[in-house]
Amino acid sequence: MSKPETGYTAKMREVIKEDPEANEWTYEFDKKGYSGTMDLDIQEGNKFIAWTAIEYKDISRFPARIKAAASALYSEGLRGRFRVVAEGMKVVVSRANIPDFIT
């Protein structure tokens, strides 16, 4: 997990803290970053499962903003299924109705 008190994670935590019961949170950065989508299943305890449709052969190319958003959700105590989409300067986090994929 990223450092929850600094950088992108801290910025995303502030957005989530404004309305933790929302169905969607958006943060717009001051410059463009890598695009991508991550689906999350944040469970009770210390379990956090994330997956994407794209295989990243170079993990440094995976969008840091998506990882930060996932860490922010976890750090703020939110549990359940979420989708994180990074595109251009914007990151959108939404509660997701993702079918069961984990048994």
Side-chain angles (χ1 to χ4, degrees):
M1 177 165 60
S2 358
K3 297 176 183 175
E5 304 300 328
T6 62
Y8 293 153
T9 302
K11 291 177 181 182
M12 291 301 302
R13 286 183 75 183
E14 287 303 314
V15 171
I16 293 167
K17 282 180 188 179
E18 287 178 15
D19 188 3
E21 300 301 318
N23 285 319
E24 184 174 283
W25 303 270
T26 302
Y27 187 84
E28 191 155 334
F29 292 86
D30 57 351
K31 61 182 180 176
K32 290 183 179 182
Y34 289 111
S35 295
T37 299
M38 177 191 284
D39 291 320
L40 306 168
D41 186 4
I42 302 174
Q43 301 173 358
E44 291 299 324
N46 200 15
K47 194 160 186 185
F48 176 124
I49 300 168
W51 69 102
T52 67
I54 298 172
E55 180 180 342
Y56 290 89
K57 293 182 182 185
D58 178 355
I59 62 169
S60 69
R61 298 290 182 210
F62 190 83
R65 295 168 182 199
I66 291 180
K67 290 187 284 190
S71 295
L73 289 165
Y74 184 85
S75 295
E76 289 304 311
L78 292 164
R79 301 296 180 259
R81 294 190 175 152
F82 302 89
R83 174 159 284 167
V84 183
V85 179
E87 190 170 328
M89 295 181 2
K90 190 184 307 186
V91 173
V92 178
V93 179
S94 57
R95 294 183 193 270
N97 292 322
I98 301 168
D100 287 339
F101 61 94
I102 302 169
T103 57

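Note that the structure is predicted; figures quoted are calculated from it, not measured.
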Has the side chain of W25 got a donor or acceptor atom that lies under 3.5 Å from a matching backbone atom of D19?
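Flag set: sc W25 to bb D19 pair under 3.5 Å.
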For a quick test of reading the model, state the closest non-hydrogen atom pair linking [X] to [Y] and the distance between them.
| X | Y | value |
| --- | --- | --- |
| A70 | I42 | O-CD1, 4.2 Å |
| S35 | G88 | OG-N, 3.7 Å |
| G33 | R65 | N-NH1, 3.6 Å |
| V93 | A69 | CG2-CB, 3.8 Å |

Walk me through it: do E14 and K17 pass the test salt bridge (Lys or Arg N to Asp or Glu O under 4.0 Å)?
CA-CA 5 Å; E14 287 303 314; K17 282 180 188 179; 3.7 Å; yes
With rounding to the nearest 0.5 Å, note down the distance linking [atom1] in [X] to [atom2] in [Y].
| X | Y | atom1 | atom2 | result |
| --- | --- | --- | --- | --- |
| I66 | L40 | CD1 | CG | 9.0 Å |
| R95 | R83 | CZ | CZ | 15.5 Å |
| E28 | M89 | CD | CE | 4.5 Å |
| R81 | D39 | CZ | CG | 10.0 Å |
| L78 | E21 | CG | CD | 8.0 Å |
| L73 | R13 | CG | CZ | 10.5 Å |

Please report whether the ring centroid of Y8 lies less than 6.0 Å from that of Y27.
no
Check this for me: E87, atom CD, are more than 12 non-hydrogen atoms of other residues, nucleotides or ligands nearer than 6.0 Å?
no
List the steps and the verdict of side chain to side chain contact (heavy atoms under 4.5 Å, CB included) for V91 and V84.
CA-CA 7 Å; V91 173; V84 183; 3.9 Å; yes
Check whether I16 and V85 end up in the same hydrophobic cluster, where Ile, Leu, Val, Met, Phe, Trp and Tyr are linked by side-chain heavy atoms less than 4.5 Å apart.
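No; V85 is not reachable from I16 via cluster members.
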Take R79 and Y74 through the side chain to side chain contact (heavy atoms under 4.5 Å, CB included) test and state the conclusion after the steps.
CA-CA 7 Å; R79 301 296 180 259; Y74 184 85; 4.1 Å; yes
